[in-house]
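To start, the structure itself, in structure tokens.
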Amino acid sequence: MAIISTLQEFVLDPQNHEFLSIVKGFRNGLVYGTKIRFPHALVMTFLFRSGSLQDKAKAIFKATKAHARNLAFFVTIYKTIMFLQQRLQGKEHNHHSFVAGLIGGYFVFGDNNNVNNQIVLYLFSRILIGLAKLMVKRQVVEEPQHTFPVFAAVVWGIVMWLFRHDRDTLQPSLQASMQYLYLDSNKWNSLKNFLWHNK
């Protein structure tokens with residue numbers, strides 16, 4: 001009981017807050033990465049991957065582990081660099097988050113593998129929209145009318161053109177999804193593989 005009480009005091013001591021926020025950030029990265037990747041890997045593996053149940057379980061575990069580990073280490077690096085910059089310069093400056101994200105992104109997400117590729121592409125699409133909204137927010141440009149339908153049309157037009165003519169430029173999981181939707185739907189030779197089985 002004394003150990004729990006001492007631990008409680010340590011955790012609640014304001015002097016330990018910066019350090020413990022880094023530790024909890026690591027923990028939250030592990031939890032969030034697991035929650036996000038496990039169901040995605042489970043569904044995608046059983047829908048599109050061939051092999052034994054053991055091979056599929058290994059693939060799910062590997063993807064989940066990579067996502068959770070990378071988020072945990074990125075949060076740790078980011079929060080540590082933010083803390084160090086603030087200590088060195090006396091307060092937080094506008095560029096600190098960019099520098100911390102840049103360093104963490106390079107060291108944690110710089111390896112071009114499937115998990116990192118998906119995470120970086122996910123963020124890339126959202127920051128482009130965020131930057132467009134920022135230009136409107138800061139009154140650099142006026143808010144255009146009816147932009148989302150045009151945006152959606154251009155995105156779908158480009159992706160379909162790339163898939164049709166230069167599909168190797170697209171991410172493998174996107175190629176697999178589009179193969180299933182647009183090309184595999186052209187092939188059948190019985191009622192069974194028309195309605196139930198794809199091939």
Side-chain angles (χ1 to χ4, degrees), residues 17-18 21-41 43-44 63-163 166-178 181:
H17 186 267
E18 285 88 359
S21 76
I22 294 169
V23 172
K24 187 164 184 186
F26 181 85
R27 175 252 183 220
N28 284 6
L30 286 176
V31 170
Y32 188 78
T34 301
K35 283 182 176 182
I36 292 297
R37 181 55 59 169
F38 178 75
H40 177 270
V43 170
M44 295 304 285
T64 303
K65 178 183 172 188
H67 197 138
R69 182 194 62 224
N70 287 1
L71 275 182
F73 281 115
F74 179 83
V75 173
T76 303
I77 291 169
Y78 174 82
K79 289 175 78 78
T80 301
I81 292 172
M82 286 293 288
F83 172 70
L84 292 173
Q85 289 178 111
Q86 194 172 348
R87 281 291 169 101
L88 289 171
Q89 297 187 348
K91 64 176 186 173
E92 183 179 329
H93 292 279
N94 198 24
H95 65 278
H96 285 178
S97 55
F98 178 78
V99 170
L102 197 72
I103 294 168
Y106 182 83
F107 286 106
V108 177
F109 292 105
D111 184 21
N112 189 7
N113 57 51
N114 288 341
V115 171
N116 286 353
N117 198 281
Q118 287 176 345
I119 293 169
V120 171
L121 288 175
Y122 172 89
L123 291 174
F124 181 70
S125 64
R126 278 142 182 85
I127 64 167
L128 288 181
I129 292 171
L131 289 171
K133 288 181 177 180
L134 182 63
M135 291 196 318
V136 172
K137 180 181 174 183
R138 298 213 173 148
Q139 300 177 339
V140 175
V141 296
E142 288 186 27
E143 184 173 1
Q145 298 299 309
H146 312 295
T147 52
F148 193 79
V150 173
F151 173 67
V154 170
V155 167
W156 278 99
I158 292 171
V159 78
M160 297 313 298
W161 178 77
L162 282 172
F163 179 69
D166 290 286
R167 68 179 291 177
D168 60 318
T169 62
L170 297 173
Q171 187 187 21
S173 63
L174 178 58
Q175 288 182 48
S177 300
M178 295 184 82
L181 291 168

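Positions are given from 1 along the sequence.
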Can you check side-chain contact (heavy atoms from CB on, under 4.5 Å) on V115 and F109, steps first, answer last?
-> CA-CA 9 Å; V115 171; F109 292 105; over 6 Å; no
Can you tell me if NE2 on H17 sees more than 12 non-hydrogen neighbours from other groups inside 6.0 Å?
->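 Atom NE2 in H17 is not crowded, with 12 or fewer foreign heavy atoms closer than 6.0 Å.
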In this structure, are over 12 heavy atoms from other groups packed under 6.0 Å from E18 atom CD?
->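 Yes.
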For H67 and H40, run side-chain contact (heavy atoms from CB on, under 4.5 Å): C-alpha distance rounded to whole Å, both residues' side-chain angles, the deciding distance at 0.1 Å, then the answer.
-> CA-CA 11 Å; H67 197 138; H40 177 270; over 6 Å; no
Side-chain atoms of residues 74-92: list all donor-acceptor pairs with protein atoms under 3.5 Å, sequence neighbours left out, distances to 0.1 Å.
unit_1	atom_1	unit_2	atom_2	d
T76	OG1	A72	O	2.8
T80	OG1	T76	O	2.6
Q85	NE2	I81	O	3.4
Q85	NE2	H96	O	3.1
Q89	OE1	H96	NE2	2.7

Calculate, to the nearest 0.5 Å, the distance between atoms [atom1] and [atom2] belonging to [X] and [Y] respectively.
X: I127; Y: L134; atom1: CD1; atom2: CG; answer: 11.5 Å
X: K133; Y: L128; atom1: NZ; atom2: CG; answer: 12.5 Å
X: T169; Y: F163; atom1: OG1; atom2: CZ; answer: 11.0 Å

With a 3.5 Å cut-off and sequence neighbours excluded, list the donor-acceptor pairs that the side chains of residues 170-178 form with protein atoms.
unit_1	atom_1	unit_2	atom_2	d
Q171	NE2	N117	OD1	3.2
Q175	NE2	R167	O	3.0
Q175	NE2	L170	O	2.7
S177	OG	S173	O	3.0

Find out whether I129 and L131 are in side-chain contact, i.e. whether some heavy atom of one side chain is under 4.5 Å from a heavy atom of the other.
->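 I129 vs L131: side chains apart.
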With respect to F151, which candidate in V154, V155, T147 satisfies the side-chain contact (heavy atoms from CB on, under 4.5 Å) definition?
->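 By the side-chain contact (heavy atoms from CB on, under 4.5 Å) criterion, F151 pairs with just one of V154, V155, T147: V155.
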Minimal non-hydrogen separation, G110 against N116, with atom names |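 Reported closest heavy-atom pair: N-ND2, 4.5 Å.
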Identify each donor-acceptor pair in which a side-chain atom of residues 25-33 lies under 3.5 Å from a protein atom, sequence neighbours left out, and give them as a table.
none

